[in-house]
Amino acid sequence: MIFANQYIQERIKKRDILKAEGINPYPNQISKGTPSAQFLEECAYLHTLEIGEKSNKDKIYSLTGRIRFIRIMGKAAFAKIEDSAGTVQIYYNRDDLPEGYYNLIKKLIEVGDLIEAKGFAFVTQTGEITLHCASLTIVTKAISPLPEKFHGLTDHELRYRQRYLDMIMNPQIKENFVMRSKIVSLIRRFFEEKSFLEVETPMMHPIPGGANAKPFVTHHNALGIDRYLRIAPELYLKRLIVGGMEAVFEINRNFRNEGMDHTHNPEFTMIEFYWAYHTYRDLIKITEELFAYLFAHLDLPSKLPYGDLEIDFKTPFAVISYTEALTTVGGVPAEIVSDREKALAYLRHHHIKVDANLSLGYLQAELFDEFVENRLVNPTFIIDFPIDISPLARRSDEQSEIAERFELFIAGKEIANGFSELNDPIDQYERFKGQVQTKAATGDDEAMHMDTDYVKALSYGMAPTAGEGIGIDRLVMMLTNQHSIRDVLLFPAMKPEMPTAESEESEQ
RNA sequence: GUCUCGUUAGCUCAGCAGGUAGAGCAAUUCACUUUUAAUGAAUGGGCCCUAGGUUCGAAUCCUAGACGGGACACCA
């Protein structure tokens, strides 16, 4: 039974005593008191008064919050109570509370409980603004004790599994999530101001598409068919462009059935936006604008620390072509970059395992991942991708082997991916077929499926469009100097804990 | 997926030449009416992650597994 622990039993007893004494341990109708920060600010003037007169008994405050510390000294006690604005000290004693109340609740109110304290402000001998209580009400009795007050909760596993407890014990982590919320809100506002329309497209797809990734499979009982949790909203958003919505975006979750690590969670948040009558060059500009907008509204300096690195977010960002980056950043000789056999030999020479049947484009991708990606620290747009690895991107009108595509890298990580969209239905059909063949030939289960309905949509004519996806989780990591995606996700995915024999039995 | 480190009281951690399981905080009881991780005294609290193995004897050594952290690989 989950409440078997002796400390919990001890607290349940106290809850029962409260009830027996006619005190509801879970009363309703409690109004939130003055925020702690406001209380401290309003009473700061007390410090300026004469010694012995540092109080104002005429002004009664109500404070609500969770008890974090209690120091009982016989007939008087100090406690610290915490609300979302911070911590404030309260003082209560036997003679200033209603008759008999102090002795009744002295042992029944404890660390972890939520309380409401009413009284006046004064300054203690040690100079702390404190509420002198005339009444003390239990708002919510906590029956589980909080972790140790000095060291707090440090166990990562417990922090992720019991995020609420993490937030109580490590309130500073809330800053990351406030920042995350602001970033998402600003991104939304930015695109709305640019007259983009926010839309919601299906998360359950009949055919997983829009990215190279393994999907989660679920089942629709009524129809008797499997559905895939979306790996990207891309193909639906482009159907909307065909339908005449000329600027759309969606901010929401995608699901990929792959490994989990410090930069991957099975569900993650992306914004994807599609913009008719624009090209990937316009995307580069609007992405830079978006970063400038975020930095301005978040009031961030242009140079941010990221671990040992310092990242300069000053726009414009560097722009380098894919093949140029291979030589200038990756140090791969130009003749190797452009020759399939030499590229293959070069990769093998560097002990990188590659399939001998891979095309030049795929080999270049291997070279890029190996020699370039993690060297791109400051924001850098890598443009003009090999067409082979860009099955949804438009072919360059000048060079047929090049896709009008870019990826934005920051701190060695891909943050955004955008391109001029392929809108030739016949070309798209052939590229899907190529992907299907790759899937069959190499067993690459991340290669794309044929989506004939999407090709059909294109056949009605999609305006020349540019589209981009930005990984929100990673962006938040960059801007908050966090190195684990779990620290920017409120409830990161965790493996189930192995149930103990005891809990299995009692939960029956 | 690979490597590596970890898992002992509610929390934070000691303990490991193999010999009856420890501390601090928290809890219980007592004292204490301006404390700051309050203080002083006493008491209770453990499937030492799980399953095997070695051994007279395992928290400690070995094997396998579970779950986490970190690094690498793949991906966003």
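It should be emphasised that the depicted structure is a prediction, and the values quoted were computed from it without experimental measurement.
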Query raised in the report: Does Lys80(A) place a side-chain N or O at less than 4.0 Å from the phosphate oxygens OP1/OP2 of A38(B)?
Result: no
Query raised in the report: What residues, two or more places apart in sequence or in another chain, satisfy side-chain contact (heavy atoms from CB on, under 4.5 Å) together with His151(A)?
Result: Glu148(A)
Query - Nearest-Å distance once atom P is located in both C32(B) and G46(B) - result: 32 Å
Report task. Please report, rounded to the nearest Å, how far the P atom of C49(B) is from the CZ atom of Arg161(A). Result -> 17 Å
Query raised in the report: Hey, does the side-chain of Asp261(A) have a donor or acceptor N/O within less than 3.5 Å of a partner on the base of C72(B)?
Result: no
Requested in this report: Taking atom P in both A23(B) and U43(B), compute the distance separating them and give it to the nearest angstrom.
Outcome: 11 Å
Query - Separation between the P atoms of C72(B) and U54(B), rounded to whole Å - result: 41 Å
Query raised in the report: Is Phe268(A) stacked on the base of A76(B), with ring centres under 5.5 Å apart and planes under 30° apart?
Result: yes
Report summary line: note: Met260(A), atom CE; A76(B), atom C1'; distance rounded to Å ~ 15 Å
Query raised in the report: How would you label the contact of Asp473(A) with the nucleic acid (heavy atoms, under 4.0 Å): base, sugar-phosphate, or nothing?
Result: nothing
Query raised in the report: For the base of U35(B), is there a side-chain donor-acceptor partner from Gln89(A) under 3.5 Å away?
Result: yes
Requested in this report: Please name all residues satisfying side-chain contact (heavy atoms from CB on, under 4.5 Å) with Thr480(A), sequence neighbours left out, ordered by chain then number.
Outcome: Asn176(A), Met179(A), Val476(A), Gln482(A), Val488(A)
**Report entry** Sub-4.0 Å heavy-atom contacts from residues 113-124 of chain A onto RNA chain B, ordered by number
**Finding:** Phe122(A), Thr124(A)
Query raised in the report: Any side-chain N or O of Lys149(A) under 4.0 Å from OP1/OP2 of A38(B)?
Result: yes
Requested in this report: Would you indicate which nucleotide in U34(B), A38(B), C67(B) comes nearest to any side-chain atom of Lys495(A)?
Outcome: C67(B)
Requested in this report: Could you work out the separation of U8(B) and C49(B) based on their C1' atoms and round it to a whole Å?
Outcome: 10 Å
Requested in this report: Using the test side-chain contact (heavy atoms from CB on, under 4.5 Å), find all partners of Gln172(A) that sit at least two apart in sequence or belong to another chain.
Outcome: Asn170(A), Glu175(A)
Report task. Describe, in one word, how the ring planes of Phe313(A) and Phe317(A) are oriented to each other, choosing from parallel (under 30°), tilted (30 to 60°) and perpendicular (over 60°). Result -> perpendicular
Query raised in the report: ring pair (Phe, Tyr, Trp, His ring centres under 6.0 Å) with Phe255(A): which residues, sequence neighbours excluded?
Result: none
Requested in this report: For Lys54(A), report the nucleic acid contact type (base, sugar-phosphate, nothing); a contact means any heavy atom under 4.0 Å.
Outcome: nothing
Report summary line: Listed range with range, the stems formed with RNA chain B by at least 3 consecutive Watson-Crick or G-U pairs (under 3.5 Å) are B:1-7 with B:66-72, B:10-13 with B:22-25, B:27-31 with B:39-43, B:49-53 with B:61-65
Query raised in the report: When all nucleic acid strands are considered with a 4.0 Å heavy-atom cut-off, which category describes Ile8(A): base, sugar-phosphate, or nothing?
Result: nothing
Requested in this report: For nucleotides G15(B) and G6(B), find the distance between their P atoms and express it as a whole number of Å.
Outcome: 12 Å
Query raised in the report: Does Tyr236(A) have any ring pair (Phe, Tyr, Trp, His ring centres under 6.0 Å) partners at least two apart in sequence or in another chain, and if so, which?
Result: His205(A)
Query raised in the report: Within this structure, what is the CD-to-P distance between Glu370(A) and C72(B), rounded to whole angstrom?
Result: 12 Å
Requested in this report: Kindly state each residue pair satisfying salt bridge (charged side-chain N to carboxylate O under 4.0 Å, His left out) with at least one member in residues 128-147 of chain A, sequence neighbours excluded.
Outcome: Lys80(A)-Glu128(A), Glu110(A)-Lys141(A), Asp113(A)-Lys141(A)
Requested in this report: Taking atom P in both G22(B) and A59(B), compute the distance separating them and give it to the nearest angstrom.
Outcome: 13 Å
Requested in this report: Figure out the CG/P separation between Asp369(A) and A73(B), and round it to whole Å.
Outcome: 10 Å
Query raised in the report: With rounding to whole Å, what would you report as the distance between U20(B) and A37(B) at their P atoms?
Result: 38 Å
Query raised in the report: When the P atoms of U63(B) and C5(B) are considered, how many whole Å apart are they?
Result: 12 Å
Report task. Determine the contact category for Gly152(A): base if any of its heavy atoms lies under 4.0 Å from a base atom, sugar-phosphate if only primed atoms, P, OP1 or OP2 are that close, otherwise nothing. Result -> sugar-phosphate
Report task. Pick base, sugar-phosphate or nothing for Met270(A), based on heavy-atom distances below 4.0 Å to the nucleic acid. Result -> nothing
Query raised in the report: Counting only side-chain N and O atoms of Thr154(A), is one of them less than 4.0 Å from OP1 or OP2 of C13(B)?
Result: yes
Query raised in the report: What does Lys107(A) touch in the nucleic acid at a heavy-atom separation under 4.0 angstrom: a base, only the sugar-phosphate, or nothing?
Result: sugar-phosphate
Query raised in the report: Would you say the side-chain atoms of Asn93(A) pair up with the backbone N or O of Lys75(A), donor to acceptor, closer than 3.5 Å?
Result: no
Requested in this report: Give me the ring orientation class for Phe368(A) and Phe409(A): parallel if the planes are under 30° apart, tilted from 30 to 60°, perpendicular past 60°.
Outcome: tilted
Report task. Under the ring pair (Phe, Tyr, Trp, His ring centres under 6.0 Å) rule, collect the residues that match up with Phe196(A), sequence neighbours excluded. Result -> Phe191(A), Phe273(A), Trp275(A)
Query - Quiz item: Asn254(A) side-chain donor-acceptor pair to A76(B) base, under 3.5 Å - result: no
Query raised in the report: So, are Arg163(A) and Asp166(A) salt-bridged, with charged N and O less than 4.0 Å apart?
Result: yes
Requested in this report: Please name the residue in the list Leu475(A), Ile271(A), Ile470(A) that meets the side chain to side chain contact (heavy atoms under 4.5 Å, CB included) test with Leu290(A).
Outcome: Ile470(A)
Query - Closest nucleotide among C11(B), U34(B), G68(B) to the Leu158(A) side chain - result: C11(B)
Query raised in the report: Counting just side-chain N and O atoms, does Arg71(A) come under 4.0 Å of either OP1 or OP2 of A38(B)?
Result: yes
Query raised in the report: Under 4.0 angstrom, heavy atoms only, what part of the nucleic acid is Arg256(A) near: base, sugar-phosphate, or nothing?
Result: base
Requested in this report: Report, as a single string ordered 5' to 3', how protein heavy atoms within less than 4.0 Å touch nucleotides 3-9 of chain B: B base, S sugar-phosphate only, - not at all.
Outcome: -------
Report task. Could you state the atom-to-atom distance from CD1 of Ile70(A) to P of A38(B) in whole Å? Result -> 10 Å
Query raised in the report: Can you check the Glu110(A) CD to G10(B) P distance for me, whole Å?
Result: 16 Å
Query raised in the report: Whole-Å distance between C32(B) P and Phe78(A) CZ?
Result: 17 Å
Requested in this report: Please work out if Glu10(A) contacts a base, only the sugar-phosphate, or nothing of the nucleic acid, heavy-atom cut-off 4.0 Å.
Outcome: sugar-phosphate
Report task. Quick one: pull up CD1 in Ile311(A) and CG in Leu376(A) and give me the separation to the nearest 0.5 Å. Result -> 11.5 Å
Query - Contact nearer the 5' end of RNA chain B, comparing Asp96(A) with Pro147(A) - result: Pro147(A)
Query raised in the report: salt bridge (charged side-chain N to carboxylate O under 4.0 Å, His left out): which pairs involve residues 258-269 of chain A, sequence neighbours left out?
Result: Arg253(A)-Glu267(A)
Query raised in the report: Atom CG of Asp155(A) and atom C1' of C13(B): how far apart are they, to the nearest Å?
Result: 12 Å
Query raised in the report: At under 4.0 Å between heavy atoms, what does Asn374(A) touch on the DNA or RNA strands: base, sugar-phosphate, or nothing?
Result: nothing
Query - Residue pairs, two or more places apart or on separate chains, that pass side-chain hydrogen bond (donor to acceptor under 3.5 Å, both in side chains) and touch residues 50-60 of chain A - result: Tyr45(A)-Asn56(A)
